Amino acid sequence: MQLFMKTPFQQHSKAFTLIELLVVVTIIAILVGLSVPAVSGGIMRAKQSKCASNMRQIGIAMMTYAGEHDYRLPETSVSTSLGNTWIDLLAPYLSDLDEIRICPADPLGNERLLAGGTSYILNSFLFVPERDRRGRVLGPPPNLLQIQNSSETIMAFIISEDQSIGLSSDHTHSETWSSWNAVTADISPDRFTSSSQPDHSVGSANYLYADGHVQSVTASIMKARIDGGENIALPQ
């Protein structure tokens, strides 16, 4: 009878026990759970950075346009025909209008692009002529030189999903911003978030100021200002 000797490897090898397998599976699940939010957060930060770049380019184009038109800012759909509104008037000053006009985090971005719209919405206090209760124009909006504190005055916001996708939704209704619900009907202060908070108070958004700089501000800060009775769109 032939005898077989076990090798050292065979003498010491053994199968995984059920407990060991469960430990391994648990560790893998934890690592996956940690990596998914990190990857998701990285994607969101990249979208926010690209959105900020879009807004900065719009700001530069806005300043250039104003400099060539006696410091007057371009018009919105309130006072001019569609196809001749601010986003189209800025086209000669932008390298790629269709890319810049859409925020990469806008869930309706493709629809807006096809409809000729934009993810960015202008502050009506700066771009819409003042009217009386009968709709009569009282005066033109301020020109760029008439904005006293341009570094504190918001020029453009990221549009709300509640707004229509067409080009007519190119300006806010800032004079009605007496409540947080009125604000979020126009803009998205929580565009960059992984939360689905129904009151839009978690996350942040980019804001283009009248001096051309772009700043990210958390939704909670904006909500606190609105709840305190401030209209964040009023020229400073």
Side-chain angles (χ1 to χ4, degrees), residues 48-49 51-79 85-87 89-90 93 103 118-132 137-160 163 169-192 199-236:
Q48 185 166 13
S49 177
C51 172
S53 175
N54 289 351
M55 297 183 88
R56 276 191 290 270
Q57 292 180 70
I58 289 173
I60 293 171
M62 196 78 72
M63 305 298 171
T64 306
Y65 175 92
E68 295 179 358
H69 293 82
D70 298 323
Y71 300 101
R72 289 182 292 106
L73 296 168
E75 297 180 76
T76 69
S77 59
V78 169
S79 53
T85 60
W86 71 270
I87 191 64
L89 291 177
L90 295 185
Y93 308 96
C103 172
T118 172
S119 300
Y120 305 108
I121 186 168
L122 299 183
N123 184 351
S124 61
F125 283 131
L126 302 184
F127 292 88
V128 176
E130 186 180 0
R131 299 174 184 268
D132 63 18
V137 175
L138 299 177
N143 65 39
L144 198 58
L145 295 181
Q146 291 173 325
I147 303 173
Q148 295 184 358
N149 194 349
S150 59
S151 64
E152 297 294 331
T153 299
I154 302 175
M155 177 179 285
F157 309 83
I158 301 176
I159 197 168
S160 168
Q163 288 278 355
S169 296
D170 65 346
H171 61 279
T172 63
H173 304 85
S174 302
E175 67 281 356
T176 69
W177 285 8
S178 59
S179 70
W180 184 241
N181 286 338
V183 172
T184 57
D186 273 352
I187 69 171
S188 292
D190 61 337
R191 174 52 62 217
F192 304 105
D199 67 351
H200 304 284
S201 62
V202 176
S204 64
N206 294 328
Y207 298 86
L208 171 62
Y209 288 78
D211 67 344
H213 88 275
V214 176
Q215 184 175 338
S216 172
V217 183
T218 63
S220 59
I221 288 178
M222 289 303 193
K223 187 175 188 301
R225 291 173 62 181
I226 293 292
D227 289 346
E230 180 184 354
N231 188 330
I232 60 174
L234 277 172
Q236 302 297 310

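This is a predicted model, so every value here is computed, not measured.
- A 4.5 Å side-chain heavy-atom check between L126 and P142 finds at least one atom pair inside the cut-off.
- Looking only at side-chain heavy atoms (C-beta outward), M62 and W86 come within less than 4.5 Å of each other.
- In this structure, T76 OG1 and I87 CD1 are separated by 12.5 Å, a value rounded to the nearest 0.5 Å.
- Within a 6.0 Å sphere centred on CD of E230, other residues, nucleotides and ligands contribute more than 12 heavy atoms.
- When each of T172, N231, T184, D186 is paired with W177, the side-chain hydrogen bond (donor to acceptor under 3.5 Å, both in side chains) condition holds for D186 and for no other.
- I159 has its side chain out of reach of T118: every pair of non-hydrogen atoms, C-beta onward, lies at least 4.5 Å apart.
- F192 has its side chain out of reach of S216: every pair of non-hydrogen atoms, C-beta onward, lies at least 4.5 Å apart.
- Tested against M155, the residues Y209, Y207, F127, Y120 include a single side chain to side chain contact (heavy atoms under 4.5 Å, CB included) partner, F127.
- Between D211 and S151, the side chains place no donor N or O within less than 3.5 Å of an acceptor N or O (distance only, hydrogens not considered).
- Under the 3.5 Å distance criterion, with hydrogens and angles disregarded, a donor-acceptor pair is assigned to the side chains of S201 and D199.
- Under the 3.5 Å distance criterion, with hydrogens and angles disregarded, no donor-acceptor pair is assigned to the side chains of E75 and T85.
- Between H171 and H173, the angle of the ring planes lies from 30° to 60°, which puts this pair in the tilted group.
- Side-chain contact between I226 and I232: present, with at least one pair of heavy atoms (C-beta onward) separated by less than 4.5 Å.
- Distance check: M222 CE to H200 NE2 gives 15.5 Å after rounding to the nearest 0.5 Å.
- The heavy-atom pair separating S188 from A205 by the smallest distance is O-CB, 3.3 Å.
- Around the OH atom of Y71, the shell of radius 6.0 Å holds no more than 12 heavy atoms that belong to other residues, nucleotides or ligands.
- The shortest side-chain heavy-atom distance between L90 and I58 falls under the 4.5 Å cut-off.
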